[in-house]
Q: 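The structure follows.
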There are 2 protein chains.
Amino acid sequence: MTGQVRTVDGRVAGRRGQATRQKLLDCLSEMLSSSPYRDVKVIDVARKAGTSPATFYQYFPDVEGAVLEIAEQMATEGAALTELLEGRSWAGKAGWQTAQELVDGFLEFWRRNDAILRVVDLGAAEGDKRFYKLRMKILNSVNNSLADAVAGLQAKGRVDKDVNPAAVAGSLVAMLAAVASHQKGFSSWGVKQAELKPNLAMLVHLGVTGRKPTK
Amino acid sequence: MTGQVRTVDGRVAGRRGQATRQKLLDCLSEMLSSSPYRDVKVIDVARKAGTSPATFYQYFPDVEGAVLEIAEQMATEGAALTELLEGRSWAGKAGWQTAQELVDGFLEFWRRNDAILRVVDLGAAEGDKRFYKLRMKILNSVNNSLADAVAGLQAKGRVDKDVNPAAVAGSLVAMLAAVASHQKGFSSWGVKQAELKPNLAMLVHLGVTGRKPTK
DNA sequence: TCGGTAAGCTGACGTCATGACAGGACAAGT
DNA sequence: ACTTGTCCTGTCATGACGTCAGCTTACCGA
């Protein structure tokens with residue numbers, strides 16, 4: 001499954017090469033956190049990694065290509081988000097617990113990877129299929145679980161027939177992602193982190209079950 | 001209030017100058033719609049506007065500066081979003097109507113300005129105060145109206161005490177913005193535009209009132 | 001131990017964008 | 001026609017981009 005790592009000109013990368021490659025990725029990651037995407041230059045990344053621009057181009061076609069690589073790594077990590085919802089109940093107090101833990105885990109994941117997720121989001125919004133699919137890959141686990149939950153409740157008649165589970169799940173996930181991206185925004189809007197979370201959890205619970213949580 | 005339009009080196013711009021300036025802004029706007037933000041170059045904008053890069057730099061310090069200008073224009077337009085909520089009721093059928101019209105108007109506004117809003121969002125997420133304030137300016141009208149609505153219902157005891165109106169309003173607005181940015185995403189997730197809207201409206205209604213809408 | 005081969009890196013180069021300036025073109029008033 | 005101030009562009013130094021040939025290093029079989 002894991003194809004060999006290759007340079008742009010087709011050579012297979014050995015131990016040393018892979019180390020250099022990874023170092024470049026790490027440095028790029030750092031740069032993305034500290035300066036605007038538009039201002040990230042190959043030459044700076046290379047300098048930071050203690051190598052030359054030519055080396056960068058040996059491993060990646062361009063900055064975008066390297067970003068995709070980082071995002072891909074993160075996406076596989078992101079599969080861990082599934083566990084936030086795997087086998088959880090949405091009924092009664094357990095439901096409130098589920099919602100809270102989902103919000104907590106999701107925000108934490110986003111905070112940890114905010115720089116790269118910003119870029120993925122931008123790429124997806126710009127219509128780039130590669131970023132777009134990547135974003136789906138990251139969010140799919142949560143999205144599907146949520147959609148299943150809604151569909152399940154719907155089958156039991158506890159949620160209206162005319163609700164579209166996929167639409168609701170997608171909207172809730174989009175909300176979580178957007179709030180996570182602009183966490184700082186809220187704090188200067190007079191809403192503290194600690195206050196934000198339970199309110200988000202309530203919205204998620206409301207969206208999934210159609211009812212206020214029992215706490 | 002509207003200070004005279006000035007060039008970078010301090011001269012006041014005359015009629016012809018303002019026309020050129022505006023043409024540059026329009027062309028930049030177009031470029032943002034058709035190519036990734038990272039690849040938008042001053043030289044391309046200038047060429048498209050039938051002028052030279054030097055002219056661009058006479059009116060704007062850089063691409064970012066010009067983007068801020070466009071966004072500022074859009075922000076004043078965006079004040080019209082207030083009307084979507086001005087004096088509306090959230091009770092009974094009227095509440096459902098309100099939610100629907102809010103979603104409709106918001107999505108339409110975002111669709112019309114998606115290119116520039118993408119960039120504003122990115123800038124804000126990257127922590128740039130200027131973009132950040134601009135984003136607030138655009139969303140404030142809707143956000144405040146929503147927060148007021150929630151606070152009002154709360155005062156009447158129809159919404160729980162421990163709900164934070166600002167947090168809920170902010171989250172809902174973030175959701176609307178995020179969904180609008182990734183509208184295409186939903187369609188390839190098997191959710192059509194027409195289906196999306198009522199589900200979004202339901203979520204908004206749920207979030208504001210804590211109850212399912214009566215249709 | 002030695003030489004062959006492929007991996008790994010970089011100096012150097014042509015190309016292009018950036019941003020600054022000085023000076024020419026142009027419109028408006030006299 | 002002449003002056004004045006606005007407006008635009010040719011030109012230039014600087015620096016990033018992306019490519020290539022060629023040098024160095026590591027590995028491996030004989």
Q: List in chain and number order the residues that pass ring-ring contact (aromatic ring centres under 6.0 Å, His included) with W110(A), two or more places apart in sequence or in another chain; answer none if no residue qualifies.
A: F106(A)
Q: How close or far is atom C1' of dG22(D) from atom CG of D9(A), stated in whole angstroms?
A: 14 Å
Q: Please report the distance, rounded to the nearest Å, between CD in Q18(B) and P in dA27(C).
A: 17 Å
Q: Considering residues, nucleotides and ligands other than Q18(B), do more than 12 of their heavy atoms fall under 6.0 Å from its CD?
A: yes
Q: Check every strand shown and say whether R16(B) touches a base, only sugar-phosphate, or nothing at a heavy-atom separation below 4.0 Å.
A: sugar-phosphate
Q: Rounded to the Å, how far apart are R6(B) CZ and dC7(D) P?
A: 12 Å
Q: State, to the nearest 10°, the angle formed by the axis through the first five base pairs of the helix from dT1(C)-dA30(D) to dT30(C)-dA1(D) and the axis through its last five.
A: 10°
Q: Whole angstroms only, please: what is the CZ-P distance between R47(B) and dC8(D)?
A: 18 Å
Q: Counting C-beta onward and ignoring hydrogens, is there a side-chain heavy-atom pair between N199(A) and F186(A) closer than 4.5 Å?
A: no
Q: For A75(B), enumerate each residue passing the side-chain contact (heavy atoms from CB on, under 4.5 Å) test, keeping only those at least two apart in sequence or located in another chain.
A: L134(B), K137(B), I138(B)
Q: Write out a two-atom table: protein N or O, nucleotide N or O from nucleotides 10-14 of chain C, distance below 3.5 Å.
A:
from: dT10(C); atom 1: OP2; to: T51(A); atom 2: OG1; distance (Å): 2.6
from: dT10(C); atom 1: OP2; to: S52(A); atom 2: N; distance (Å): 3.2
from: dT10(C); atom 1: OP2; to: T55(A); atom 2: OG1; distance (Å): 3.1

Q: Could you pull out all donor-acceptor pairs under 3.5 Å where a side-chain atom in residues 50-57 of chain A meets a protein atom, sequence neighbours excluded?
A:
from: T51(A); atom 1: OG1; to: T55(A); atom 2: OG1; distance (Å): 3.0
from: S52(A); atom 1: OG; to: T55(A); atom 2: OG1; distance (Å): 3.4

Q: Does F131(B) reach the side chain of V67(B), with side-chain heavy atoms less than 4.5 Å apart?
A: yes
Q: Does a side-chain N or O of R15(B) approach OP1 or OP2 of dC7(D) to a distance below 4.0 Å, or not?
A: no
Q: Could you check which residues of residues 19-34 of chain A get a heavy atom under 4.0 Å from DNA chain C? Sort them by number, please.
A: T20(A)
Q: What residues, two or more places apart in sequence or in another chain, satisfy side-chain contact (heavy atoms from CB on, under 4.5 Å) together with K184(A)?
A: none
Q: Looking at R111(A) and D114(A), is any side-chain nitrogen of the basic one under 4.0 Å from a carboxylate oxygen of the acidic one?
A: no
Q: Please confirm whether the shortest side-chain N or O distance from Y57(B) to OP1 or OP2 of dG19(C) is below 4.0 Å.
A: yes
Q: For R135(B), enumerate each residue passing the salt bridge (charged side-chain N to carboxylate O under 4.0 Å, His left out) test, keeping only those at least two apart in sequence or located in another chain.
A: D121(B)
Q: Checking D26(A) now: which residues fulfil side-chain hydrogen bond (donor to acceptor under 3.5 Å, both in side chains) with it, not counting sequence neighbours?
A: Q22(A)
Q: Who passes side-chain hydrogen bond (donor to acceptor under 3.5 Å, both in side chains) against Q97(B), sequence neighbours left out?
A: E101(B)
Q: Quick test of your reading of the model: are D39(A) and K41(A) salt-bridged, counting only N-O distances below 4.0 Å?
A: no
Q: Which is true for Y59(A) with a 4.0 Å heavy-atom rule: it touches a base, it touches only sugar-phosphate, or it touches nothing?
A: sugar-phosphate
Q: Residues in side-chain hydrogen bond (donor to acceptor under 3.5 Å, both in side chains) with E69(A), at least two apart?
A: R21(A)
Q: Give the residues of residues 35-43 of chain A touching DNA chain C, defined as any heavy atom closer than 4.0 Å, sorted by residue number.
A: none
